[in-house]
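Below is one structure, written out as structure tokens; the observations come after it.
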Amino acid sequence: MTFSTQQKPANQPKSSNAGKVWLVGAGPGNPDLLTVKALRVIQQADLILFDNLVSEDIRTIFPKSVPAFYVGKRKDDHSIPQKELNSLLVKKARQGLNVVRIKGGDPFVFGRGGEELLTLIEAGIDAEVIPGITSASGCTSAAGIPLTHRGLAQGCTFVTAHGETELNLDWRALAQIGHTLVFYMGVSRAHVIKQNLCMHGLSGSTPVAIIENGCRKNQRDIIGNLGELDALVESQNVQSPALIVVGDVVSLAGKLKAMPELEELAQNCA
Ligand code: SAH
């Protein structure tokens, strides 16, 4: 495989001694969903810093010779505070290393990639973002749910169910906009999502999907309706990471999810 010569390889010697930081999106979990560019910079890194949303399957493709450290943030377990992480990125780049800072999904979608990039730019560090497939897109595709569909949804809205301090959402707008709504970090807020959307006019019979471990071997799709959203999270013991999708497009899941017998047929033909 060849690459454009206009693209500077990650480990090409630079005029100054400073290295570079790559903010890389790992996508939702399946290594096949990494971009070619992400794979290339991973293979040429001097140091890899990864989050908890970077799946095990992706971690196995990190070169064994490259030091890789977990710097993620699970709920109630911040292995390294964001400020210290920002300083670490600056320090390692100043030491001349090519640092791959890899995050689940896309670094600019609820991933604090903007904050890290700002710090790097302010410190005069060469930095570049490599987008990844955000989980709303990857997980819904894997569940057979189109984010938009003629006659069902003319748009989609990505929402975080966790605010820095309190959740400050315009629930009326969300309930009435007619979009597919995708809630990130929503599992522990399922009752809030249900209550507010219903209170502002969305019917309890609106289809919902909870997609757990999307695009991984253990993906689980739980389909139901808005009125039972919190009950489903509890009865099915939904674990993070999981997305909540609300909207009529969810009704297509049964028809569009790849059928195992067809997948088998495709594999036999390959
Ligand atoms: N930057 C990431 C989002 C980080 S916020 C992205 O673009 O996807 C973390 C939330 O993303 C999780 O709480 C969950 O709601 C969602 N998420 C990330 N990966 C997921 C996966 N493989 N399956 C389901 N949800 C996922």
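Values in this document were obtained by computation on a predicted structure and should not be read as measured data. We count residues from 1, following the sequence as given. Each ligand, and each atom within it, is numbered from 1 in the order the structure gives.
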Which distance, rounded to the nearest 0.5 Å, do you find between the CZ of R172 and the CE of M199? 13.5 Å
Kindly print each ligand 1 N/O atom paired with any protein N/O atom under 3.5 angstrom away, one pair per line, or none if nothing qualifies.
unit_1   : atom_1 : unit_2 : atom_2 : d
ligand 1 : 1 (N)  : G104   : O      : 3.1
ligand 1 : 1 (N)  : D106   : O      : 2.9
ligand 1 : 1 (N)  : V109   : O      : 2.7
ligand 1 : 7 (O)  : D106   : N      : 2.8
ligand 1 : 7 (O)  : T134   : OG1    : 2.6
ligand 1 : 8 (O)  : T134   : OG1    : 3.4
ligand 1 : 8 (O)  : S135   : N      : 2.9
ligand 1 : 8 (O)  : S135   : OG     : 2.7
ligand 1 : 13 (O) : M185   : N      : 3.4
ligand 1 : 15 (O) : M185   : N      : 2.9
ligand 1 : 15 (O) : A242   : O      : 2.7
ligand 1 : 17 (N) : S135   : OG     : 3.3
ligand 1 : 22 (N) : P28    : O      : 2.9
ligand 1 : 22 (N) : G214   : O      : 3.0
ligand 1 : 23 (N) : G214   : N      : 2.9

Rounded at 0.5 Å granularity, tell me how far CG in L181 sits from CZ in F158. 11.0 Å
Using the ring pair (Phe, Tyr, Trp, His ring centres under 6.0 Å) rule, collect all pairs that involve residues 220-246, keeping only residues at least two apart or in two chains. none
Atom CZ of R220 and atom CG of N237: how far apart are they, to the nearest 0.5 Å? 7.0 Å
In terms of relative ring orientation, are F183 and W171 parallel, tilted or perpendicular, with 30° and 60° separating the classes? parallel
Could you give the distance from SG (C139) to CD1 (I210), rounded to the nearest 0.5 Å? 13.0 Å
